[in-house]
Trainee: 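Input: one structure, supplied below.
Throughout, protein chains are lettered first and strands after them, A, B, ... in sequence-line order, and every chain is numbered starting at 1. Only a predicted model underlies this, so the values are computations on that prediction, with no experimental measurement involved.
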Amino acid sequence: MPELPEVETVRLTLLPLIKNKKIISVDIFYENIIKNASVLEFKEKLINQTFLDILRFGKYLVFVFENSFLISHLRMEGKFYLKHNENKDIHEHVRFYLDSGETLRYNDVRKFGTMNIFSNISLTDLLKIKPLNQLGYEPFDPKLNSTYLKNKFKHSNRPIKSMLLDQSIIAGLGNIYVDEVLFLSKINPLKKAKDINEEQLQLIIDSSIDTLLKAIKLGGTTIHSFSSDGISGKFQNELLVHTKNTCPICRSNILKIKVGGRGTYFCPVCQKGKGDAI
DNA sequence: GCCGTCACCTGTGGGC
DNA sequence: TGCCCACAGGTGACGG
């Protein structure tokens with residue numbers, strides 16, 4: 001399930017493969033992937049456009065063309081492949097034919113991924129409209145500090161885990177990494193956001209940066225099916241609590257509960273705190 | 001405004 | 001062996 005490190009890995013892997021290549025045709029096999037345009041409009045805005053760059057904002061990929069931006073969210077299982085042959089995978093939903101003779105394929109088993117196309121707009125203006133204007137700061141952004149989080153959290157009764165998953169507060173963290181960050185910060189995922197003190201907020205920020213940088217370095221996490229151009233990440237070997245049975249610190253049994261509808265792993269001993277429900 | 005729930009999807013695995 | 005069903009999860013929409 002692509003989170004910030006996985007999306008960054010896709011960006012880094014894909015960019016040298018498609019940069020300066022022109023789209024000569026587009027096939028769409030599942031129209032619901034395209035959210036803000038008809039199939040015809042989508043094709044018209046991309047054909048004869050050249051890939052200039054790939055940017056990333058949170059978990060969104062932004063393909064940069066001369067006159068357009070294609071915003072792609074991989075959601076749960078979206079993947080991009082560059083292929084030469086014509087064989088179509090059952091889960092292939094969009095195909096971009098390039099002037100190099102290759103094809104860029106978008107593959108998504110659960111069809112959750114989205115694509116939005118924007119034309120004749122500057123990057124500055126693109127950042128001012130949905131979906132990119134909904135994003136909070138990334139952990140690497142200096143503006144994401146304990147004061148910022150304190151202001152966001154101070155009136156909230158929601159569990160800290162739900163708040164960290166909220167992309168309008170912190171952009172880029174997903175279910176796996178939030179579990180890891182809370183374990184490193186020794187904070188119970190059910191603890192109310194307003195009860196997190198300033199020292200713990202700083203710990204959350206520091207742990208988020210450390211975890212994400214390490215994951216990017218290892219090419220992300222491959223738990224189920226994530227990959228970019230067929231490459232698998234190695235961060236799953238470094239996970240401390242997510243999908244684990246035993247705490248690596250105190251050897252207690254890791255508990256699995258639901259928080260905000262999400263499967264949540266934590267150590268009830270290392271992550272014990274006032275107000276905990278477990 | 002805040003917060004919880006549901007829908008979107010399909011492969012997987014457990015139970016019968 | 002085969003069928004059924006719960007579950008996985010990021011995000012947006014919706015309702016209380």
Trainee: I need the CZ-C1' distance between A:Arg110 and C:dG10, as an integer number of Å.
Mentor: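 Checked: the CZ to C1' distance equals 11 Å.
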Trainee: Between C1' on B:dC9 and CG on A:Leu74, what's the gap in Å once rounded to a whole number?
Mentor: 16 Å
Trainee: Any donor-acceptor pair, under 3.5 Å, between the side chain of A:Arg75 and the base of B:dT10, if you only look at N and O atoms?
Mentor: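 When only heavy-atom distances are counted, A:Arg75 does not reach the base of B:dT10 through any donor-acceptor pair under 3.5 Å.
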Trainee: Tell me if the side-chain of A:Arg158 makes a donor-acceptor pair with the base of B:dG4, cut-off 3.5 Å, by modelled atom types.
Mentor: no
Trainee: Check the phosphate of C:dG9 against A:Lys258, side-chain N and O only, distance under 4.0 Å to OP1 or OP2. Yes or no?
Mentor: no
Trainee: Judged by each residue's nearest nucleotide on DNA chain B, which is more toward the 5′ side, A:Arg262 or A:His155?
Mentor: A:His155
Trainee: Could you state the NE2-C1' distance from A:His73 to B:dC9, rounded to the nearest angstrom?
Mentor: 16 Å
Trainee: Regarding A:Thr114, tell me which of base, sugar-phosphate or nothing describes its non-hydrogen contacts under 4.0 Å with the strands shown.
Mentor: nothing
Trainee: Going through the checks in order, is the side chain to side chain donor-acceptor pair (under 3.5 Å) test met by A:Lys161 and A:Thr264?
Mentor: CA-CA 9 Å; A:Lys161 165 142 186 179; A:Thr264 298; 3.0 Å; yes
Trainee: Where the side chain of A:Phe112 is defined as all heavy atoms beyond and including C-beta, which of C:dT11, C:dG9, B:dC3 is the nearest nucleotide?
Mentor: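 So the nucleotide nearest the side chain must be C:dG9.
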Trainee: Hey, does A:Asn157 reach any base, or is it just sugar-phosphate, or nothing, if we go heavy atoms under 4.0 Å?
Mentor: sugar-phosphate
Trainee: At under 4.0 Å, does any side-chain N or O of A:Lys256 touch on OP1 or OP2 of C:dA8?
Mentor: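 Yes, such a contact exists.
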Trainee: Take the protein atom CD1 of A:Ile33 and the nucleotide atom P of B:dC9, then report the distance between them rounded to whole Å.
Mentor: 9 Å
Trainee: Any side-chain N or O of A:Lys35 less than 4.0 Å from the OP1 or OP2 oxygen of C:dT11?
Mentor: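 No, outside the criterion.
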Trainee: Ignoring backbone atoms, test whether A:Gln167 places a side-chain nitrogen or oxygen under 4.0 Å from the OP1 or OP2 oxygen of C:dT11.
Mentor: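 Answer is yes, contact under 4.0 Å.
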Trainee: Just the rounded figure in Å: distance from C1' of C:dT11 to CG of A:Asp166.
Mentor: 11 Å
Trainee: Using the ring-ring contact (aromatic ring centres under 6.0 Å, His included) rule, pick out the option among A:Phe96, A:Tyr30, A:Phe80 that qualifies with A:Tyr106.
Mentor: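 That would be A:Phe80; it is the only one of A:Phe96, A:Tyr30, A:Phe80 passing the ring-ring contact (aromatic ring centres under 6.0 Å, His included) with A:Tyr106.
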Trainee: So, is A:Tyr60 close to the C:dG10 phosphate, meaning a side-chain N or O under 4.0 Å from OP1 or OP2?
Mentor: no
Trainee: With ring-ring contact (aromatic ring centres under 6.0 Å, His included) as the criterion, how do A:Phe29 and A:His93 come out once you've worked through the C-alpha distance, each side chain's angles and the decisive distance to 0.1 Å?
Mentor: CA-CA 5 Å; A:Phe29 306 109; A:His93 306 307; 8.3 Å; no
Trainee: C:dG9 P sits how many Å from A:Asp179 CG, rounded?
Mentor: 9 Å
Trainee: Answer with yes or no whether the side chains of A:Tyr177 and A:Glu6 bring together a donor and an acceptor at under 3.5 Å.
Mentor: yes
Trainee: To the nearest Å, give me how far apart CG (A:Asp89) and P (B:dT10) are.
Mentor: 14 Å
Trainee: For ring-ring contact (aromatic ring centres under 6.0 Å, His included), just list the numbers for A:Tyr148 and A:Tyr137, CA-CA rounded to whole Å, side-chain angles, deciding distance to a tenth of an Å, and then say yes or no.
Mentor: CA-CA 10 Å; A:Tyr148 166 81; A:Tyr137 299 126; 4.9 Å; yes
Trainee: When you check the side-chain N and O atoms of A:Tyr97 and A:Asp27, is any donor under 3.5 Å from an acceptor?
Mentor: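 Short answer, yes.
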Trainee: Between atom OH in A:Tyr106 and atom C1' in B:dC9, what is the gap in whole Å?
Mentor: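 Rounded to whole Å, this separation is 12 Å.
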Trainee: Does A:Ser156 have a side-chain nitrogen or oxygen under 4.0 Å from the phosphate oxygens OP1 or OP2 of B:dC3?
Mentor: yes
Trainee: Are any of A:His91's side-chain N or O atoms less than 4.0 Å away from OP1 or OP2 of B:dG11?
Mentor: yes
Trainee: So, OP1 or OP2 of B:dC8: does either fall under 4.0 Å of a side-chain N or O from A:Lys111?
Mentor: no
